[in-house]
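Notes follow the structure.
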Amino acid sequence: MKQLLFVILCVFALIIGLYPLIYVFVEHKNTFLGSKPPEVLQNQLWKTAFFAHIIFGGISLFIGWRQFGSQFRNKHLQVHRIIGKTYVASVLISSVSSIYMGMYANGGIISSVGFICLGWIWLTMTLAAVIQIRKGNVVKHQQLMIYSYACTFAAVTLRLWLPLLQILTQDPVNSYLAVAWLCWLPNLLVAYFINKKNQVIN
Ligand code: HEM
């Protein structure tokens, strides 16, 4: 069961990790960018943040899952370090961009605060995980990285919650407001229970 859930997580991470590629193939006005007001689209800083966010967010999601599972890690410690450094650098770039973009989120203050909180938690969990491994605290590093990837995985859960809520409520505006919180709060709760269970095993 645990393995099946992990495989499902990996499949979603790989698919949504590649999702930003649609910005290469689809005309921008037909993507999410079409929903942004002209003054945001003319803001060069916002545009730079947007592309930095989706490229490096995609990379962190695409590679992050590989870090979990002790078999691979113990066998290929050097690869774990390389992926780890790439993941952390990608999260730093994508999270800082997302905090800035959060100020311009569709839907106003409720979605803005949801995305900005997520961005800050993503950044701090990831940095705290780096600090812990530098101190040699492997268990704390692992726990914090589970929280970090739970945040990264919000990119997947957002794209599952949003159509579900839109179908159930027929209210796209309020669905978006709810999803700015629903995409990450339950993920962190799951991360908490995974860490708690691992503590019992350790
Ligand atoms: C985990 C922390 C994350 C935060 C706080 C965050 C925040 C945001 C924000 C604020 C927006 C703009 C929303 C708006 O203006 O209404 C956005 C859009 C977007 N984000 Fe993220 N994001 C996160 C993770 C990711 C990841 C890991 C990916 C990787 C695939 C990603 C890909 C995208 C894409 C592609 C868009 C454009 C919307 C779309 O095409 O559906 N995000 N994000």
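When a ligand or atom number is given, it counts from 1 through the structure's own listing order.
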Can you find an N or O of [X] that's nearer than 3.5 Å to an N or O of ligand 1?
X      : answer
Tyr176 : yes
Tyr23  : yes
Trp46  : no
Asn106 : yes

Check each atom of ligand 1 against the heavy atoms of [X] and keep those under 4.0 Å away; list them by number with element.
X      : answer
Gly119 : 5 (C)
Ala105 : 14 (C), 15 (O), 16 (O)
Tyr19  : 35 (C), 39 (C), 40 (O), 41 (O)
Phe50  : 37 (C)
Gly102 : 10 (C)
Leu118 : 1 (C), 2 (C), 3 (C), 4 (C), 5 (C)
Ile16  : 30 (C)

Tell me, which protein residue and heavy-atom name are nearest [atom], and how many Å apart are they?
atom                    : answer
atom 1 (C) of ligand 1  : Cys151 O, 3.0 Å
atom 2 (C) of ligand 1  : Trp122 CE3, 3.1 Å
atom 27 (C) of ligand 1 : Gly57 O, 3.4 Å
atom 26 (C) of ligand 1 : Ala155 CB, 3.3 Å
atom 35 (C) of ligand 1 : Ile54 CG2, 3.4 Å
atom 7 (C) of ligand 1  : Ser98 CB, 3.6 Å

**Request:** Please test Trp122 against Ser148 for side chain to side chain contact (heavy atoms under 4.5 Å, CB included), starting from the C-alpha separation and ending with a verdict.
**Result:** CA-CA 6 Å; Trp122 197 24; Ser148 166; 4.2 Å; yes
**Message:** Tell me if the aromatic rings of His28 and Phe51 count as close, with their centers under 6.0 Å from one another.
**Reply:** yes
**Message:** For the aromatic rings, using the six-membered ring if either is Trp, is the centroid distance between Phe50 and Tyr23 under 6.0 Å?
**Reply:** yes
**Asked** Given Val130 and Arg134, is the side chain to side chain contact (heavy atoms under 4.5 Å, CB included) satisfied, shown in steps?
**Response** CA-CA 6 Å; Val130 175; Arg134 293 241 165 111; 4.2 Å; yes
Less than 4.0 Å is my threshold; does some heavy atom of [X] fall inside it relative to ligand 1?
X      : answer
Trp184 : no
Gly17  : no
Phe153 : no
Thr31  : no

**Request:** With heavy atoms only and a cut-off of under 4.0 Å, state how Phe115 meets ligand 1: side chain, backbone, both or neither.
**Result:** both
Polar contact flag, side-chain donor to acceptor under 3.5 angstrom, [X]-[Y]:
X      : Y      : answer
Tyr87  : Thr152 : yes
Asn195 : Asn198 : no
Ser98  : His53  : no

**Request:** Measure the CH2-NZ distance between Trp46 and Lys36 for me, rounded to the nearest 0.5 Å.
**Result:** 5.5 Å
Just wondering, more than 12 heavy atoms not from [X] lying within 6.0 Å of its [atom1]?
X      : atom1 : value
Phe32  : CZ    : yes
Trp120 : CH2   : no
Phe68  : CZ    : yes
Leu9   : CG    : yes
Ile109 : CD1   : no
Gln71  : CD    : no

**Request:** Only heavy atoms count here, so choose which of Trp120, Phe32, Phe51 is nearest to atom 14 (C) of ligand 1.
**Result:** Phe32
**Prompt:** Just going by heavy-atom distances, which of Met101, Lys36, His53 is nearest to atom 22 (N) of ligand 1?
**Reply:** His53
